[in-house]
Amino acid sequence: MSKPVLVAGNFKANEVRPGDWLSAFRGHLSQKGLLEMAGTVVVCPAYPQLSEWHEAIGSHGIFLGAQDVSSFEPGAHTGEVTAQMLKAVGVTYVLIGHSERREGLGETDAIRTKKVERATTCGFQIIYCVQNEQTFIPKGITIAAYEPPAAIGSGNPDTPENANAVAGAIIATYGVSRVLYGGSVKPDNVSAFVGQPHIGGVLVGGASLKGDVFGQLAHNAFIQA
Ligand code: PGA
């Protein structure tokens with residue numbers, strides 16, 4: 001174990017409840033100190049489940065993330081969920097610019113930059129998702145997630161070597177301190193990604209929905225890194 005990695009799970013619009021998920025997950029990380037020494041785990045449930053997850057994870061080395069944040073300040077913005085609201089339910093990480101929000105929802109760089117400002121004001125760690133090394137990244141971002149759209153949910157991940165090259169280019173251009181890889185990461189391929197020098201963790205969709213699978217994935221990532 002030489003570098004602490006970040007393993008983030010994005011449940012998307014799936015209702016994942018903490019009870020069985022957490023016990024199965026923890027079963028894989030029972031090796032003493034593995035989580036503390038080797039990395040950070042972040043779970044990003046849908047908004048209605050955030051409070052429930054906050055209570056369930058307590059102070060057990062798992063952090064709570066939101067899948068998005070409003071670009072607006074609190075006020076008359078029907079349907080929006082502000083950074084302040086997320087902070088009040090225990091969120092400390094936030095995803096911004098996920099591919100699924102870039103397609104069809106009209107999100108622009110200007111809107112994403114506003115979201116970054118709001119999230120920064122509330123002191124969140126931002127995981128800023130990009131599609132390749134040319135995707136614009138606003139100032140102040142420390143964690144980027146490289147997620148090639150064709151790899152998301154397809155079972156066809158990028159190669160670890162190419163992901164590493166893209167991560168290196170993102171670090172060189174934007175000075176971020178950590179780049180995650182995302183797109184069809186599974187328990188059996190995670191080691192190859194986190195073993196790359198420029199990849200500091202993974203952002204996981206489908207393989208995070210079951211605590212057992214995500215626990216195996218996190219375990220493999222922490223052992224390898
Ligand atoms: P996937 O999703 O792991 O299901 O490919 C990744 C993501 O969208 O972050």
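Predicted, not measured: the structure shown is a model, and the values here were computed from it. Start at 1 and go down the list; that is how both ligands and their atoms are numbered. Heavy atoms only: backbone and side chains are in, while hydrogens, waters and symmetry mates are out.
Atom CD1 of Ile127 and atom CG of Asn10 lie 9.0 Å apart (nearest 0.5 Å). Taking CG from Leu86 and NE2 from His54, the interatomic distance works out to 12.5 Å, rounded to the nearest 0.5 Å.
Using a 4.0 Å heavy-atom cutoff, Ala151 is listed among the residues neighbouring ligand 1. In this structure, Gly153 has a heavy atom closer than 4.0 Å to ligand 1. Between Gly182 and ligand 1 there is no heavy-atom distance shorter than 4.0 Å.
Counting atoms of ligand 1 from 1 in the listed order, those under 4.0 Å from a heavy atom of His98 are 7 (C), 8 (O), 9 (O). Counting atoms of ligand 1 from 1 in the listed order, those under 4.0 Å from a heavy atom of Gly183 are 5 (O). The ligand atoms of ligand 1 that sit less than 4.0 angstrom from a heavy atom of Ile152 are 2 (O), 5 (O), 8 (O). In summary, the atoms of ligand 1 found under 4.0 Å from a heavy atom of Gly206, numbered by their order in the structure, are 1 (P), 3 (O), 4 (O).
Between the side chain of Trp21 and the backbone N or O of Phe214 there is no donor-acceptor pair closer than 3.5 Å.
With hydrogens left out, the protein atom closest to atom 9 (O) of ligand 1 is Glu147 OE2, 2.6 Å, a heavy atom. From the protein, the heavy atom lying nearest to atom 3 (O) of ligand 1 is Gly205 N, 2.8 Å.
With distances taken over non-hydrogen atoms, the option nearest atom 8 (O) of ligand 1 out of Glu100, Lys12, Gln67, Lys186 is Lys12.
Other residues, nucleotides and ligands contribute at most 12 non-hydrogen atoms within 6.0 Å of the CG atom of Asp20. Counting non-hydrogen atoms of other residues, nucleotides and ligands closer than 6.0 Å to NZ of Lys186 gives a total above 12.
Its side chain outside the 4.5 Å cluster rule for every partner, Phe72 clusters with none of the Ile, Leu, Val, Met, Phe, Trp and Tyr residues.
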Pairs under 3.5 angstrom only: tabulate donor-acceptor contacts from the side chains of residues 94-106 to other protein residues two or more places apart or in another chain.
{"from": "His98", "atom 1": "ND1", "to": "Glu100", "atom 2": "N", "distance (Å)": "2.9"}
{"from": "His98", "atom 1": "NE2", "to": "Glu147", "atom 2": "OE1", "distance (Å)": "3.3"}
{"from": "Ser99", "atom 1": "OG", "to": "Gln131", "atom 2": "NE2", "distance (Å)": "3.1"}
{"from": "Glu100", "atom 1": "OE2", "to": "Lys12", "atom 2": "NZ", "distance (Å)": "2.9"}
{"from": "Arg101", "atom 1": "NE", "to": "Asp68", "atom 2": "OD2", "distance (Å)": "3.2"}
{"from": "Arg101", "atom 1": "NE", "to": "Glu107", "atom 2": "OE2", "distance (Å)": "3.4"}
{"from": "Arg101", "atom 1": "NH2", "to": "Asp68", "atom 2": "OD2", "distance (Å)": "3.3"}
{"from": "Arg102", "atom 1": "NE", "to": "Gly97", "atom 2": "O", "distance (Å)": "2.7"}
{"from": "Arg102", "atom 1": "NH2", "to": "Cys129", "atom 2": "O", "distance (Å)": "2.8"}

